[in-house]
Amino acid sequence: MLRWILLTTALLASGLARAEASAQEFDWIDGARQRAVPVRLYWPDSAKAVPLVVFSHGIGGSRRGYSYLGEHFAANGIASLHLQHVGSDRSLWTGSMLSLVGRLQDAAQEREALERVRDLSFALDQLFAHAQYGRLIDRNRIAAAGHSYGANTAMLAAGASVLRDGRQLALRDPRIKAALLLSAPPFYGEEDLKAILQSITLPTLHVTATEDVIRIPGFYSPASDRIAVFDAVGSPLKALAVFEGGSHSIFTNRGGTGGVELNPKVKSATRELALAFLQRVFEGRGEALQRWPETYRPLLARWTSPGTAAAVR
């Protein structure tokens, strides 16, 4: 059985706004699965078709997490749809503390991991069918993104290959054209990571930190696992940023994790990097991505630029 890892998400950090953007929430229901799929949509002020990022939170998170990314994307002309996965969302933190470990372990089981990918595809269906927003999404410029457990979700939607009883599970969503992976864990319980991830061939951005360590009851993942994921992914165009220090939860909305001074710097660098990567992939504009490692070099332990094996350290 696949075992999946991840950590908590908290709420509310502001992004840098360069243009007007709005946020709206929808409480969609997938009738076929009888499963709620709440979402929060950050929408740019644009009259033309816009790219889209679909964001999946880590374990214990919500649709209101990672707002520093959603706001920044929307302020720069990219819509950002943030999912809430009801089987592994913030409701895990409610109830008796005595049963918290059991709730976390249950949320990390394979059945929930698969439902999360189905949440993503269902949410895309709903957004495309929306009378106001559907016609304004550029169907050729859609990226899946996620943190921790959400990075696993994004990788599955992007083409990670999972075999059961000799057959590949049909999880890839062909509408996804790129992936942004924050603190991506390996697929626990699987022996050959490359066999799972080499089938991801679309552009990928990997972001982590030297202290990006996952510790929750029953699971442990060192920061080196994030590098192993990067190495195993088959994308011919992929990039890796490793920040010095930090923590696993520094990429959430929590304001003090990984260091009070370092935290906002890493968030600023991460949102600028994500935007620059999308501009490179979707618009062919690579200037911002070329400048990024020089601008943020003091924060970096490692930088591997897209399409190369050379790393800046």
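No experiment lies behind these values; they were computed from the predicted model shown.
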Problem set entry | Carboxylate-amine/guanidinium proximity below 4.0 Å for K194 and D192 | no
Exercise. Going by distance alone, is a donor N or O of one side chain under 3.5 Å from an acceptor N or O of the other, for S80 and H82?
Worked result: yes
Problem set entry | Heavy-atom donor-acceptor pair, N152 side chain to A184 backbone, under 3.5 Å | no
Exercise. Are the side chains of Y220 and P222 in touch, meaning some heavy atoms are under 4.5 Å apart?
Worked result: yes
Exercise. Cationic tip of R116 within the cone over Y149's six-membered ring, i.e. under 6.0 Å and within 45° of the normal?
Worked result: yes
Exercise. Taking the side chain as C-beta and beyond, is there a heavy-atom pair between D125 and W28 under 4.5 Å?
Worked result: no
For this session: Output yes when a side-chain donor or acceptor of T270 lies under 3.5 Å from a complementary backbone atom of V266, and no otherwise.
Result: yes
Exercise. Which residues satisfy the salt bridge (Lys or Arg N to Asp or Glu O under 4.0 Å) test with E25, sequence neighbours excluded?
Worked result: R40, R63, R64
Problem set entry | Donor-acceptor side-chain pairing of S235 and T204 below 3.5 angstrom | yes
Exercise. Can you check whether L289 reaches P306 side chain to side chain, under 4.5 Å on heavy atoms?
Worked result: yes
Exercise. Hey, mind stepping through R297 and E294 against salt bridge (charged side-chain N to carboxylate O under 4.0 Å, His left out) and telling me if it holds?
Worked result: CA-CA 5 Å; R297 185 180 293 273; E294 291 303 319; 2.4 Å; yes
Problem set entry | Identified side chain to side chain contact (heavy atoms under 4.5 Å, CB included) counterpart of V242 within the set I227, T304, L299 | I227
For this session: With rounding to the nearest 0.5 Å, note down the distance linking CG in L275 to CG in L69.
Result: 10.5 Å
Problem set entry | Partner of Q24 under side chain to side chain donor-acceptor pair (under 3.5 Å), chosen from W43, Y133, Y42 | Y133
Exercise. Can you list every pair that meets salt bridge (Lys or Arg N to Asp or Glu O under 4.0 Å) and has a residue in residues 126-148, with sequence neighbours left out?
Worked result: D138-R141
Exercise. Is any side-chain heavy atom of L127 less than 4.5 Å from a side-chain heavy atom of F122?
Worked result: no
Exercise. Any side-chain heavy-atom pair from S249 and T252 closer than 4.5 angstrom?
Worked result: yes
Exercise. Are R118 and E115 close enough for a salt bridge, meaning some N to O gap below 4.0 Å?
Worked result: yes
For this session: Decide if the gap between the ring center of H130 and the ring center of F26 is smaller than 6.0 angstrom.
Result: yes
Seminar exercise, completed: What one should report as the nearest heavy-atom pair of S67 and N253 is OG-ND2, 2.9 Å
Problem set entry | Electrostatic pair E211:R226 at N-O distance under 4.0 angstrom | no
For this session: Could you pull out the closest heavy-atom pair between T201 and P236, with the gap in Å?
Result: O-CD, 3.2 Å
Problem set entry | Nearest-0.5 Å distance that lies between atom NZ in K177 and atom CG in L52 | 13.0 Å
Problem set entry | Nearest non-hydrogen partners of A79 and V50, listed with the distance | CB-CG2, 4.0 Å
Problem set entry | side chain to side chain contact (heavy atoms under 4.5 Å, CB included) partner of P185, the single match among D225, D212, I214 | I214
Exercise. Is any side-chain heavy atom of E244 less than 4.5 Å from a side-chain heavy atom of R302?
Worked result: no
Exercise. How far apart are the C-alpha atoms of T295 and W292, what are their side-chain angles, what is the distance that settles it, and do they pass the side-chain contact (heavy atoms from CB on, under 4.5 Å) test?
Worked result: CA-CA 5 Å; T295 302; W292 186 87; 5.7 Å; no
For this session: Indicate, with yes or no, if the rings of H57 and H85 have centres closer together than 6.0 Å.
Result: yes
Exercise. Is there a side-chain contact between F243 and T210, using heavy atoms and a 4.5 Å cut-off?
Worked result: no
Exercise. Can you list the steps and then say if K267 with E261 is a salt bridge (charged side-chain N to carboxylate O under 4.0 Å, His left out)?
Worked result: CA-CA 11 Å; K267 283 183 169 59; E261 293 185 4; over 6 Å; no
Exercise. Quick one: is the NZ or CZ of K238 closer than 6.0 Å to the six-membered ring centre of F230, and within 45° of its axis?
Worked result: yes
Exercise. Any donor-acceptor pair under 3.5 Å linking the side chain of S199 with the backbone of G159?
Worked result: yes
Problem set entry | Partner of V37 by side chain to side chain contact (heavy atoms under 4.5 Å, CB included), out of V86, L120, D27, D119 | D119
Exercise. Heavy-atom distance under 4.5 Å between the side chains of L278 and L180, does that happen here?
Worked result: yes
